[in-house]
Amino acid sequence: MSPKVLNGKWLSKQFEQRLRLRVVSEKEKLGAVPGLAVLLVGEDPASGYYVRTKSKVATRCGFQTFDERLPASASFDDVAAVLTRFNEDANIHGILLQLPLPASLPENKLLDLIDPEKDADGLHPYNQGLLARGDALLKPCTPLGCMHLVDLALSDIESGEGELPKHGLPRGDLSAKHAVVIGRSILVGKPLVQLLLERNATVTTVHSRTAKIEEICRSADILIAAVGRPHLVTSGWVKEGAIVIDVGINRLEDGSLTGDVDYDAVAPICQAITPVPGGVGPMTVAMLMENTFNSFLRSITA
Ligand code: NAD
């Protein structure tokens, strides 16, 4: 079987192009543009790369960007002061605190300081609570990106070619589908479960303490891996004809990037699969832009 390769690079470009037009139109009407602020603490090279990418895409979308760096030695108060300034700045509609933070800083306490209306990654407890209730203001970017990739898998749209149809990506029917999510982090695994439930999928979460994990994964129509272990998922974990979404980003010793899924072993048996890189990663960035734009719209209609 030759799988449908879910080209996240292409799909994210489609979102970006549409968003750019909407930003131009709002600017003409209102004379204002969305503002995205990103705070990076420390010198982690991967985080530095992600932050630069996010700012570049935001600029391409026509946003105003506000980038701030703090050294790894920054205190709680230093980080809190920047977040407070971002909260109070009316030109900023989306705030992203790049994770992970240096180990000395309490991640959750700092995320709690972000204004929930500007919480572009949807990680504030207020937004996580609304998500559990089924009416979130802002949904976490990576899970949101995964859902669009599932929709792409279920559509008859050729991935990587031409433009999305005018009405956008059709929402696939997930009723009667069994989705298995590997990983239970607040960033990916847990919110993903909520989004899949909202769409009527039957959902199972598996994690590091799950027994018979392979067997459970093998019953999935949709298998999403968000672990951080290179090639954990091999062909024995995947049902023939499944949709496989690989969130993992792992750097190998030779410097190359790979996912949690053994792509070469799994691709021949599945219906659709995301590559790493070029699958979930670009969609995460695209969703950050969508969230910021939606916060911008909410701020002007408030
Ligand atoms: P995390 O470390 O917070 O969570 C990992 C989860 O995997 C945990 O819930 C743990 O229980 C589970 N786990 C660990 N070992 C396991 C095993 N052997 N079997 C089954 N489950 C196991 O990580 P995270 O923040 O959720 O990120 C997961 C991966 O996704 C990482 O590689 C990260 O870099 C990547 N990521 C990618 C994007 C993107 O945009 N593509 C965004 C966020 C995270």
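Numbering of residues begins at 1 and proceeds along the displayed sequence. Atoms within a ligand are numbered from 1 in the order they appear, just like the ligands themselves. What you see is a predicted model, and the numbers here were worked out from it, not measured in a lab.
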Starting from atom 42 (C) of ligand 1, locate the nearest protein heavy atom and write down its residue, its atom name and how far away it is, to 0.1 Å.
Thr142 OG1, 3.2 Å

Taking distance alone, with no angle check, do Ile249 and ligand 1 share an N/O pair under 3.5 Å?
yes

Does ligand 1 have any atom sitting under 4.0 Å from a heavy atom of Gly189?
no

Taking atom 23 (O) of ligand 1 as the reference point, the nearest protein heavy atom with its distance
Val227 O, 4.2 Å

Check the angle between the aromatic planes of His124 and Tyr126 and answer parallel, tilted or perpendicular using the 30° and 60° thresholds.
perpendicular

Within the side chain of His231, is there an N or O that forms a donor-acceptor pair under 3.5 Å with the backbone of Asp260?
no

To check your reading of the model: name the closest protein heavy atom to atom 10 (C) of ligand 1, its residue, and the distance in Å.
Ser208 OG, 4.1 Å

Is any NZ, NE, NH1 or NH2 atom of the basic residue among Glu26 and Arg22 found under 4.0 Å from an Asp or Glu carboxylate oxygen of the other?
no

Considering only the protein, which heavy-atom contact is closest to atom 37 (C) of ligand 1, and what is its distance?
Val247 O, 3.1 Å

Does Glu290 pair with Arg18 as a salt bridge, N-O distance under 4.0 Å?
no

Do Leu144 and Asn291 make a side-chain contact, defined as non-hydrogen atoms from C-beta onward lying under 4.5 Å apart?
yes

Gap between atom CG of Leu131 and atom CG of Asp135 - 0.5 Å precision
9.5 Å

Only heavy atoms count here, so choose which of Thr284, Leu187, Ile245 is nearest to atom 40 (O) of ligand 1.
Thr284

of all protein heavy atoms, closest to atom 8 (C) of ligand 1 is Arg184 N, 4.0 Å

of all protein heavy atoms, closest to atom 26 (O) of ligand 1 is Ser185 OG, 2.5 Å

So that I can tick it off, tell me whether Glu68 and Arg85 are bridged by a salt bridge, with the cut-off set at under 4.0 angstrom between side-chain N and carboxylate O.
yes

Measure from the ring center of Phe15 to the ring center of His148 and say whether it is less than 6.0 Å.
yes

Taking only heavy atoms of Ile182, which atoms of ligand 1 are found under 4.0 Å from at least one of them?
20 (C), 21 (N)

Closest protein heavy atom to atom 27 (O) of ligand 1, given as residue, atom name and distance to 0.1 Å:
Val188 CG2, 4.4 Å

State the atoms of ligand 1, each with its element, that fall below the 4.0 Å cut-off from a heavy-atom position in Ile213.
19 (N), 20 (C)

Check Lys139 with Asp121, please: is the shortest side-chain N to carboxylate O separation under 4.0 Å?
no

Looking only at protein heavy atoms, which one is nearest to atom 15 (N) of ligand 1, and what is the separation?
Arg229 NH2, 3.4 Å

Check each atom of ligand 1 against the heavy atoms of Gly281 and keep those under 4.0 Å away; list them by number with element.
40 (O), 41 (N)

